[in-house]
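Step one of this worksheet: look at the structure below.
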Amino acid sequence: DWSSDVCSSDLDGAVWGSAALRLAGCFEYGRGGERNHHRARDLYLEAETGLLEAVPDQPWYKGQLARAREGLERLARE
């Protein structure tokens, strides 16, 4: 798994959170590969963590944070 090679603490929370959010959607919906809801959930959690770190100084990330939480809620219902 290539993403485990990147330590999220080495990246800005906004950058890592945004990337994790996009990747989570790919895994949730099977864009570019097979669907994997376990991996999508892990990435939504990583996105939430990174974006929570970013929001106090960069409030424009609130929308992305909401999308990460919505993804977690969707997957919890399945």
Answer with yes or no whether the hydrophobic clustering places Leu52 together with Val55; edges join I, L, V, M, F, W, Y residues whose side-chain heavy atoms lie under 4.5 Å apart.
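Yes: a chain of side-chain contacts under 4.5 Å links Leu52 to Val55.
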Let me check something: any side-chain donor-acceptor pairs from residues 69-78 under 3.5 Å, sequence neighbours excluded? List them with distances.
from	atom 1	to	atom 2	distance (Å)
Arg69	NE	Glu48	OE2	2.9
Arg74	NE	Glu28	OE2	2.8
Arg74	NE	Tyr29	OH	3.2
Arg74	NH2	Glu28	OE1	3.0
Arg74	NH2	Tyr44	OH	3.3
Glu78	OE1	His37	ND1	2.9

Please check this pair: side chain of Glu46 against backbone of Ala20, looking for a donor-acceptor N/O pair closer than 3.5 Å.
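Side chain of Glu46 to backbone of Ala20, a donor-acceptor pair under 3.5 Å: no, none is there.
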Residue pairs involving residues 54-64 (criterion side chain to side chain donor-acceptor pair (under 3.5 Å); sequence neighbours excluded)
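Qualifying pairs: Ser18-Gln64.
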Heavy-atom pair of closest approach, residues Ala54 and Gly13:
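Here Ala54 and Gly13 meet closest at CB-C, 4.3 Å.
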Work out which heavy atom in Leu43 is nearest to a heavy atom in Ala24; give both atom names and the distance.
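In this case the closest contact between Leu43 and Ala24 is CB-CB, 3.7 Å.
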